[in-house]
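Everything below concerns the one structure shown next.
Start at 1 and go down the list; that is how both ligands and their atoms are numbered.
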Amino acid sequence: MTSQTLRDARRYEETYEKRIKKEDRPEFHFSSRVGWLNDPNGFSYYQGKYHLFYQYHPYDPYWGPMHWGHAVSEDLLHWEYLPAALAPDQPYDRDGCFSGSAVELPDGRQLLMYTGVKRIPQADGGFVDEQTQCLAVGDGIDYEKCEQNPVLDEKDIPEGCSRADFRDPKMFRNEDGTYSMVAVNRAADGSGQVLLYKSADGFHWDFKSIVKENKHRFGVMWECPDLFKLDGKDVMICSPMDMLPEGFEYHNGNGTLCLIGTFDEETGKFHEEHHQTVDYGIDFYAPQTIRTPDGRIILLAWMQNWDTARLQLPDTAWFGQMTVPRELSIRNGRLYENPIRELESLRRNRVEYQDVTVADGTVSLDGINGRRVDLELELSPGDGQKVYEKFALRFAQDDTYHTAVSFRPHESILKLDRKFSGSRRAAIHQRRSLVRSENGKLKVRLILDRFSAEVFVNDGEQVMTITMYTDQAADKISFFADGAVKMNVIKYDLITDAE
Ligand code: FRU
C-alpha cells in the first residue's frame with residue numbers, strides 16, 4: 001500500500017520536474033528530479049536496467065526528511081526518472097529513509113535495505129537518532145516495506161557501540177546464493193567501524209564480525225561502506241567524516257577512503273595493504289559501486305561534499321548531481337578510475353592538435369571550447385629538456401570567469417581552482433594534489449559538463465572533481481604556460497541526444 005507521504009512526494013515531483021528546463025540540468029551527469037539529492041543508493045542492475053536510487057528531499061533544494069528518489073538507465077548516461085521509491089512514513093523511519101542498497105531476489109523481486117531514522121527527543125531539549133536497518137521489496141517501481149522492520153537494531157551491534165550511528169547497509173549476493181551486508185557504526189571509542197552481517201534469504205540477518213575499526217585513524221565516524229573484489233584484490237571504500245589533513249593525500253573535513261588488501265571470509269576481517277583517497281578534488285562523497293553484467297566494477301558518487309554543498313545561487317529547483325560513472329581497476333597496487341567506456345558514445349565533433357607549443361603566454365585553439373566536453377591533453381617540455389614552471393588549462397571562461405587546472409612540474413602539484421567561477425560564497429575553491437610526473441610530462445583528461453569538471457590524471461591514477469555554476473555563456477577554453485610546454489590535444493563535445 002502506498003502511503004499518503006509517498007503519494008504526496010510522487011505528485012510533487014511529477015508536477016515540479018516539468019518546470020525544470022533540460023538545459024538547466026547537467027547534460028550527462030545524473031541530477032535530482034526536483035529538490036535535493038545526496039548519496040547514491042541501491043545502485044544495481046535489475047531486470048535489464050541499471051537502477052539508481054538516491055537520498056532525496058523533493059520539496060526544496062535543501063536536505064530534509066529523506067526519501068529515496070529513483071531512476072533507470074540502459075547505459076548509465078541517459079536516465080529516466082521513476083516515481084520516488086521510499087518515503088519516511090513508518091514509526092521506525094519517520095525521520096528519514098537514509099542510505100542503503102539493492103539486490104535481486106531469486107524470485108525476481110528487488111530487495112532494498114535502508115536505514116530507518118527515528119529522532120528521539122532528550123530531556124535537555126536535544127535529539128538522539130535511533131538508526132535501524134529496514135527492508136522493502138518491490139518490482140522495480142513500487143516497494144512494500146516489510147512487516148518485520150526493522151530487521152537489525154541495537155541488539156545486533158557489538159556491546160557498547162552506538163545505536164545513534166548505525167547506517168548505510170550495502171548488501172551483496174554471494175556466489176553460493178547467500179547474502180552479505182556491510183554497515184557503518186560508531187565504536188565505543190567514538191570512532192567509526194564497518195560491521196558485517198550475513199543472511200541466507202535476504203530477510204533474516206545475523207551479525208558476523210567487525211570488518212575494520214577506524215580507531216580514529218581516518219577521521220571520526222565513517223559513512224557509506226562498500227566491499228568488493230577487484231583485479232584479484234579486495235577493496236573496502238568508505239567516507240570518513242571530520243578528517244584531519246595528511247600531506248596531499250587526505251584533506252580536512254569529509255573525505256573518501258579506499259583500502260586495498262584481503263578480506264578473510266572465515267574471520268570476516270579486512271587486512272589492509274594500501275590506503276588512498278578515492279577522489280582528490282572538492283566535490284565527491286559517499287560513492288557506491290555496482291558490478292555490471294560484463295563484470296566491470298563501476299563507481300559513482302554524490303558530486304558534492306557536506307561542507308561545500310549549496311555553493312550556487314539560491315533560486316534553483318534542483319540541487320545535487322552524481323559523478324560520471326567510473327570504471328575501477330587496480331594497477332601497481334593503486335585504485336585507478338576512468339570514465340565508463342559508454343561515455344565515448346556521446347562524443348561528437350573530434351578536434352585534434354599535435355605538438356602545439358605554448359610559450360610564456362596564453363593560447364586558444366580553433367574548435368576547442370564548450371561546456372560539455374571530453375578533452376585529452378598530453379604535456380611535455382616545449383624547450384628541449386628544460387622543464388617549464390607552470391601550465392594551466394582554463395575552461396568555463398569568458399572575460400570575467402574561469403575555472404582552471406594548473407600544473408607546476410617542479411613541485412609535481414596539480415591544482416584545481418574555481419575561485420573565479422562566479423561563486424559568491426566563502427567556501428573552499430582550490431585544492432592541490434601531488435601527482436606523478438617526470439620531466440614535466442603529464443596526461444590529463446577533463447570531463448566537463450554544465451556544472452562540473454572531473455580531471456582524470458595519468459590514465460586514471462588520480463581524479464579531482466569539482467562543481468561550478470558559472471554562467472553557461474562562459475564557454476571558452478585556453479592554455480597558459482610559464483616557460484614552454486608542448487601539448488597534444490584531442491577534444492570532443494559530449495552530447496546525449498543526436499542534435
Ligand atoms: C552520507 C550520509 C549517510 C546517511 C545519509 C543521510 O552523506 O550522511 O551516512 O545515510 O547521508 O542523508
Quick one: are E104 and R109 in side-chain contact, heavy atoms under 4.5 Å? no

Ligand 1 atoms in contact with W306 (distance to a heavy atom under 4.0 Å): 1 (C), 7 (O), 11 (O)

I'd like to check whether W302 has a polar contact with ligand 1, where a contact means an N/O of the residue lying under 3.5 Å from an N/O of the ligand. no

Of N305, N254, T323, the residue whose pairing with Y285 passes side-chain hydrogen bond (donor to acceptor under 3.5 Å, both in side chains): N254

Can you sort out which atoms of ligand 1 are near S99, meaning under 4.0 Å from one of its heavy atoms? 5 (C), 10 (O)

Closest candidate by heavy atom, reference atom 10 (O) of ligand 1, pool L37, D168, N254: D168

To the closest 0.5 Å, what do you measure between CZ (F284) and CD (Q304)? 12.5 Å

From C258 atom SG to I237 atom CD1, the distance as rounded to the nearest 0.5 Å: 4.5 Å

Please find the pair of heavy atoms, one from L6 and one from T2, that lie closest to each other, and give the distance. CD2-CG2, 3.6 Å

Interfacing atoms of ligand 1 (cut-off 4.0 Å, heavy-atom, M66): 12 (O)

Taking atom 6 (C) of ligand 1 as the reference point, the nearest protein heavy atom with its distance: Q55 OE1, 3.2 Å

Sub-4.0 Å atoms of ligand 1 with respect to non-hydrogen atoms of Y285: 1 (C), 7 (O)

Are E461 and R331 within salt-bridge range, i.e. N to O under 4.0 Å? no

Residues which pass ring pair (Phe, Tyr, Trp, His ring centres under 6.0 Å) with H275, listed by chain and number, not counting sequence neighbours: F218, Y250

Would W63 count as being in polar contact with ligand 1, using the rule that some N or O on each side must be under 3.5 angstrom apart? yes

Atom 2 (C) of ligand 1 sits nearest the protein heavy atom D39 OD2, 3.3 Å

For atom 8 (O) of ligand 1, the protein heavy atom that lies nearest, with its residue and separation: E223 OE2, 2.9 Å

Where do D129 and R167 land on the salt bridge (Lys or Arg N to Asp or Glu O under 4.0 Å) test, with the steps shown first? CA-CA 11 Å; D129 270 12; R167 60 180 174 274; over 6 Å; no

Between V184 and ligand 1, find which residue part has any heavy-atom pair under 4.0 Å and reply side chain, backbone, both or neither. neither

